[in-house]
Amino acid sequence: MLDDKVKTFARRRGLLRASAGLAAGLVLAPWAAVSHAGDAADLRATYDAMAGRLAAGALGLPIVIDSVESAAQLSGSVFAISKHPFATVAASFARPQVWCDVMLLPFNSRSCQLDNNQAGPELLLTLTRKNADDASQGHPLRLDWRKTSSDPDYLEVHLGSESGPLGTANYMIVLRAISLPQNRSFMHFTFALRFGTAARLATQAYLATAGRSKVGFSVVGSPAGEQLVGGMRGIVERNAMRHFLGIEAWLNSSRLPAAQQLDARQENWFDATERYPRQLHEMDKA
């Protein structure tokens, strides 16, 4: 979930251990307490308001990316028109196992298992450095999964966790979708988390040194000095985009024979990320 170099930097500095006591006092309300994101009418109003920006295709596709940073939470959103019919999107991502397929695509996701317990489905992820030899070197992340809408014309799925690896917490992943004409869909994907004091200090140190050239997708500044957003917002935008491209990669490969889907999904995701090398390039395809 986190940029790989951020995690390495945090370990080297030892800031996670040193600031654990400070971080303990900053926990937010559980992710599950987050209010319902909206309904079909709300999402359609969002689409109408963004139609011009989506049509402009500033990123080469009908995608708009934005982020919000506060003292308590960091959130990145992807708004996109998908070529896939809403019925396909809704049927696919109303299945928890599909989310494991998506979560495994970023380089630092090493394993994902679905646990169907009495409280509801959970995804058990192991996150590692991208070049780690095996999952034993990783950090666990348990994401509760729930579908929050029964509307046949609207999809809303939440995944979340109160705690995460390396001093992070309050993970929230939300996918919302509605149908559009011509068998297309409008999707709003949100990736949010809280950096505890230790993780925030380590990340800021990384961003001031090795990560100072890292950027996100949204544009900030005055017209005379526009630039791509960096810092913490850049991190969450990159993570949101990686996972959204995973959703599209899954859909693009879903009609292939089952034996071909994994390779096609991985290749599709990698090629999609390479459209944005300044933000998302991490390693060569080979």
Side-chain angles (χ1 to χ4, degrees), residues 1-2 27-40 43 73 75-78 82 84-128 135 138-166 168-178 185 187-194 239-240 242-255 258 261-262 265-266 269:
M1 297 285 179
L2 299 178
V27 178
L28 298 178
W31 77 272
V34 175
S35 62
H36 185 70
D39 55 22
L43 189 55
Q73 193 84 351
S75 175
S77 286
V78 179
S82 174
H84 297 282
F86 171 76
T88 301
V89 175
S92 300
F93 291 96
R95 293 186 288 147
Q97 182 58 51
V98 169
W99 285 93
C100 260
D101 295 340
V102 170
M103 294 296 170
L104 280 171
L105 289 169
F107 297 124
N108 65 331
S109 297
R110 184 51 56 95
S111 67
C112 182
Q113 295 181 344
L114 179 63
D115 183 7
N116 285 304
N117 57 43
Q118 291 183 344
E122 290 183 327
L123 274 63
L124 310 179
L125 285 164
T126 302
L127 308 178
T128 69
H139 302 269
L141 176 64
R142 181 181 291 265
L143 294 171
D144 296 324
W145 182 99
R146 58 191 173 100
K147 181 183 176 184
T148 66
S149 172
S150 58
D151 186 336
D153 299 319
Y154 174 65
L155 173 71
E156 183 172 323
V157 175
H158 288 225
L159 296 90
S161 177
E162 293 180 35
S163 62
L166 299 171
T168 57
N170 224 47
Y171 277 82
M172 183 176 68
I173 294 169
V174 180
L175 175 65
R176 306 167 64 208
I178 54 172
S185 303
M187 291 193 275
H188 176 198
F189 177 83
T190 300
F191 178 91
L193 76 164
R194 179 180 66 79
N239 277 300
R242 286 188 185 103
H243 288 86
F244 174 77
L245 292 176
I247 288 172
E248 282 288 282
W250 194 95
L251 290 166
N252 290 340
S253 64
S254 62
R255 292 189 176 183
Q261 288 182 14
L262 176 58
R265 186 161 61 241
Q266 291 174 334
W269 179 84

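In what follows, every heavy atom counts, from backbone to side chain, and hydrogens, waters and symmetry copies are set aside.
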Straight-line distance of [X] [atom1] to [Y] [atom2], nearest 0.5 Å:
X: Trp145; Y: Asp115; atom1: CH2; atom2: CG; answer: 14.0 Å
X: Asp101; Y: Leu262; atom1: CG; atom2: CG; answer: 8.0 Å
X: Phe86; Y: Ile178; atom1: CZ; atom2: CD1; answer: 8.5 Å
X: Gln97; Y: Ser92; atom1: CD; atom2: OG; answer: 13.0 Å
X: Leu124; Y: Ser111; atom1: CG; atom2: OG; answer: 8.5 Å
X: Leu175; Y: Phe191; atom1: CG; atom2: CZ; answer: 14.5 Å

Just so I know, are the side chains of [X] and [Y] near enough to count as touching, which here means a heavy-atom distance under 4.5 Å?
X: His243; Y: Phe189; answer: yes
X: Pro121; Y: Leu114; answer: yes
X: Asp144; Y: Ser161; answer: no
X: Val102; Y: Arg265; answer: no
X: Leu155; Y: Lys147; answer: yes
X: Met172; Y: Leu193; answer: no
X: Met103; Y: Leu123; answer: yes
X: Arg110; Y: Leu127; answer: no

Using a 6.0 Å cut-off, check whether atom CD of Gln113 has over 12 heavy atoms from anything other than its own residue.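 Not buried by this count: 12 neighbours or fewer within 6.0 Å.
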* Could you go step by step and tell me if Val157 and Trp99 meet the side-chain contact (heavy atoms from CB on, under 4.5 Å) rule? -> CA-CA 10 Å; Val157 175; Trp99 285 93; 3.9 Å; yes
Exercise: identify the closest heavy-atom pair between [X] and [Y]:
X: Ser82; Y: Glu248; value: OG-OE2, 2.9 Å
X: Leu104; Y: Cys112; value: CD2-N, 3.8 Å
X: Ala40; Y: Asp153; value: CB-O, 4.4 Å
X: Val89; Y: Ser185; value: CG2-OG, 3.7 Å

- prompt: Any luck finding a side-chain donor-acceptor pair between Asn117 and Glu122 under 3.5 Å?
  reply: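 Side chains of Asn117 and Glu122: pair found under 3.5 Å.
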Next on the checklist: Any donor-acceptor pair under 3.5 Å linking the side-chain atoms of Asn252 with those of His84?
Outcome noted: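 Distance-only check passes for His84 and Asn252.
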Could you walk me through whether Thr128 and His139 pass side chain to side chain donor-acceptor pair (under 3.5 Å), step by step? CA-CA 6 Å; Thr128 69; His139 302 269; over 6 Å; no
| ring-ring contact (aromatic ring centres under 6.0 Å, His included) with Trp250: which of Trp269, Phe244, Phe93? |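 The ring-ring contact (aromatic ring centres under 6.0 Å, His included) with Trp250 is passed solely by Phe93 among Trp269, Phe244, Phe93.
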* To do: Could you tell me whether the side chain of Ser253 and the main chain of Ala249 form a donor-acceptor pair under 3.5 Å?
  =>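 Yes; at least one donor-acceptor contact below 3.5 Å.
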_Show, in sequence, the C-alpha distance, side-chain angles and deciding distance for Arg176 and Tyr154, and conclude whether the side chain to side chain donor-acceptor pair (under 3.5 Å) test is met._
CA-CA 7 Å; Arg176 306 167 64 208; Tyr154 174 65; 2.8 Å; yes
- Do you know which of Asp39, Val174, Asp151 makes side-chain contact (heavy atoms from CB on, under 4.5 Å) with Glu156?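 Only one of Asp39, Val174, Asp151 forms a side-chain contact (heavy atoms from CB on, under 4.5 Å) with Glu156, namely Val174.
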